[in-house]
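Please read these numbers as outputs of a predicted model, since none were measured by experiment. One is the number of the first residue; the rest follow in order along the sequence.
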Amino acid sequence: MVTALFSGVIRTGLVLLSGLVLALSGMTARSAQLLVHVQDAEGQPVESAAILVRALDQPREPPSGREEIVDQVDREFVPAAIVVPVNTRILFPNNDDIRHHVYSFSEAKSFELPLYTGRPARPIEFPNPGIVAIACNIHDWMLAHIYVVDAPWHGLTDDEGVWRVSGLPAGRYGVEVWHHGLAEEQQAVGEIELDADASAEMEATVEVAIGPSPRRAPRPGRRGYR
Ligand SMILES: [Cu+2]
């Protein structure tokens with residue numbers, strides 16, 4: 001049985017696809033789940049877009065930060081995209097046998113870790129929401145994006161452009177899609193009302209150029225390798 005449940009949707013970009021009641025009999029905690037699918041203008045899935053979900057009927061409490069690691073392996077950042085709550089502290093260890101020089105000029109956080117090997121003495125703290133692009137001053141293909149968010153529910157889309165969350169209490173939610181290829185005013189925003197035991201799907205189409213594939217480190221022995 002499929003029953004449409006939802007009234008409020010959508011300002012721009014992020015639209016409700018379907019809502020249905022799940023028969024979750026026997027579960028004591030009544031909660032909803034939400035699936036968000038992000039695609040580009042050609043209908044191709046957008047991987048590593050950050051999804052932010054906020055309860056609109058409850059007071060905003062910033063999520064507490066955590067400890068994370070963005071590694072440097074084979075002259076690449078690993079992972080190349082990460083979403084973290086504000087006040088997260090990220091350590092940037094260098095696992096290569098050469099030196100890297102990690103920096104960011106982003107508004108949400110600018111910092112610099114001058115040429116180093118091994119484990120830096122301390123992590124970098126990210127107190128402000130926003131997209132932080134990090135790079136290496138020596139290897140110009142090295143690039144990663146840190147999505148610093150103040151939404152209690154958050155995650156990154158997978159290679160099919162999908163992210164899902166469960167355990168949402170019934171209520172109204174604001175949903176945002178962030179991607180480093182989007183200007184702030186292009187970020188997709190939507191609203192949804194979820195009943196307990198409901199499951200909903202939303203879809204965002206964003207004008208972002210995905211390109212053929214991300215630049216990778218040159219293979220050993222080829223020109224340009226440093
Ligand atoms: Cu480097």
Side-chain angles (χ1 to χ4, degrees), residues 38 40 44-52 63 65-151 154-163 176-184 186-187 206 208-226:
V38 183
D40 67 11
Q44 296 302 306
V46 175
E47 186 180 4
S48 296
I51 313 293
L52 292 70
R66 56 176 189 251
E67 307 281 326
E68 285 285 357
I69 286 178
V70 173
D71 211 336
Q72 295 139 58
V73 181
D74 293 337
R75 298 149 185 86
E76 311 263 0
F77 287 112
V78 180
I82 188 172
V83 55
V84 297
V86 289
N87 298 318
T88 287
R89 292 148 53 91
I90 300 183
L91 193 65
F92 294 91
N94 176 358
N95 251 305
D96 288 330
D97 54 6
I98 55 166
R99 294 189 295 174
H100 294 298
H101 183 136
V102 177
Y103 71 94
S104 166
F105 294 144
S106 297
E107 198 181 325
K109 180 74 186 185
S110 70
F111 69 96
E112 191 167 13
L113 293 169
L115 280 171
Y116 68 102
T117 55
R119 212 174 160 85
R122 62 182 66 89
I124 306 290
E125 186 159 5
F126 292 81
N128 305 312
I131 301 176
V132 179
I134 60 169
C136 173
N137 209 17
I138 308 300
H139 308 101
D140 65 359
W141 63 82
M142 289 179 67
L143 187 62
H145 293 94
I146 300 169
Y147 298 91
V148 185
V149 303
D150 55 3
H154 51 256
L156 293 176
T157 54
D158 62 17
D159 57 3
E160 296 181 325
V162 170
W163 176 75
E176 294 175 32
V177 177
W178 291 9
H179 189 280
H180 61 82
L182 294 172
E184 197 170 324
Q186 296 176 305
Q187 288 168 358
V206 292
V208 54
I210 302 303
S213 64
R215 288 192 300 165
R216 313 300 297 187
R219 296 203 170 259
R222 283 182 50 185
R223 285 166 60 85
Y225 184 81
R226 292 172 72 177

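Residues H139 and I98 meet the side-chain proximity criterion, which asks for heavy atoms closer than 4.5 Å. For the pair N128 and K109, the minimum side-chain heavy-atom distance is 4.5 Å or more.
Remark: S106 engages S104 in a side chain to side chain donor-acceptor pair (under 3.5 Å) (not counting sequence neighbours). H154 meets the ring pair (Phe, Tyr, Trp, His ring centres under 6.0 Å) test with no other residue; sequence neighbours excluded. By the side chain to side chain donor-acceptor pair (under 3.5 Å) test, N87 is found to be paired with no residue, residues two or more places apart in sequence or in another chain being considered. With sequence neighbours excluded, no residue forms a side chain to side chain donor-acceptor pair (under 3.5 Å) with H145. In this structure V162 satisfies the side-chain contact (heavy atoms from CB on, under 4.5 Å) test together with L35, H37, D158, E160, R164, sequence neighbours excluded.
Remark: of the listed residues L143, V102, I146, V102 is the sole one forming a side chain to side chain contact (heavy atoms under 4.5 Å, CB included) with F77.
Side-chain atoms of Y147 never come within 3.5 Å of backbone atoms of I51 as a donor-acceptor pair (strictly under, hydrogens ignored). Put simply, the side chain of D150 never gets that close to the backbone of P129: no donor and acceptor are under 3.5 Å apart.
Of all non-hydrogen atoms in M142 and R75, the two that sit nearest each other are CG-O, 3.1 Å. Closest non-hydrogen pair, N94 versus D96, comes out as OD1-N, 2.8 Å. Counting all heavy atoms, side chain and backbone alike, P45 lies closest to G161 at CB-N, 3.6 Å. Counting all heavy atoms, side chain and backbone alike, D40 lies closest to V46 at N-CG2, 3.5 Å. Across A108 and I131, no two heavy atoms sit closer than the pair CB-N, 4.5 Å. Scanning all heavy atoms of the two residues, the minimum distance from W178 to V149 falls at CZ3-CG1, 4.0 Å.
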Show your reasoning for whether side-chain contact (heavy atoms from CB on, under 4.5 Å) applies to V84 and R66. CA-CA 8 Å; V84 297; R66 56 176 189 251; 4.2 Å; yes

Could you please spell out the steps behind the side-chain contact (heavy atoms from CB on, under 4.5 Å) verdict for I82 and E68? CA-CA 9 Å; I82 188 172; E68 285 285 357; 3.8 Å; yes

Donor-acceptor pairs under 3.5 angstrom involving side-chain atoms of residues 110-125: please list them, not counting sequence neighbours.
residue : atom : partner : partner atom : Å
E112    : OE2  : H101    : NE2          : 2.6
Y116    : OH   : Q72     : NE2          : 2.8
Y116    : OH   : F92     : O            : 2.6

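Environment of CD in E107: sparse, with no more than 12 heavy atoms of neighbouring residues, nucleotides or ligands closer than 6.0 Å. The environment of R99 atom CZ is sparse: at most 12 non-hydrogen atoms of other residues, nucleotides or ligands sit within 6.0 angstrom.
Interatomic distance, H100 NE2 to N137 CG, rounded to the nearest 0.5 Å: 12.5 Å.
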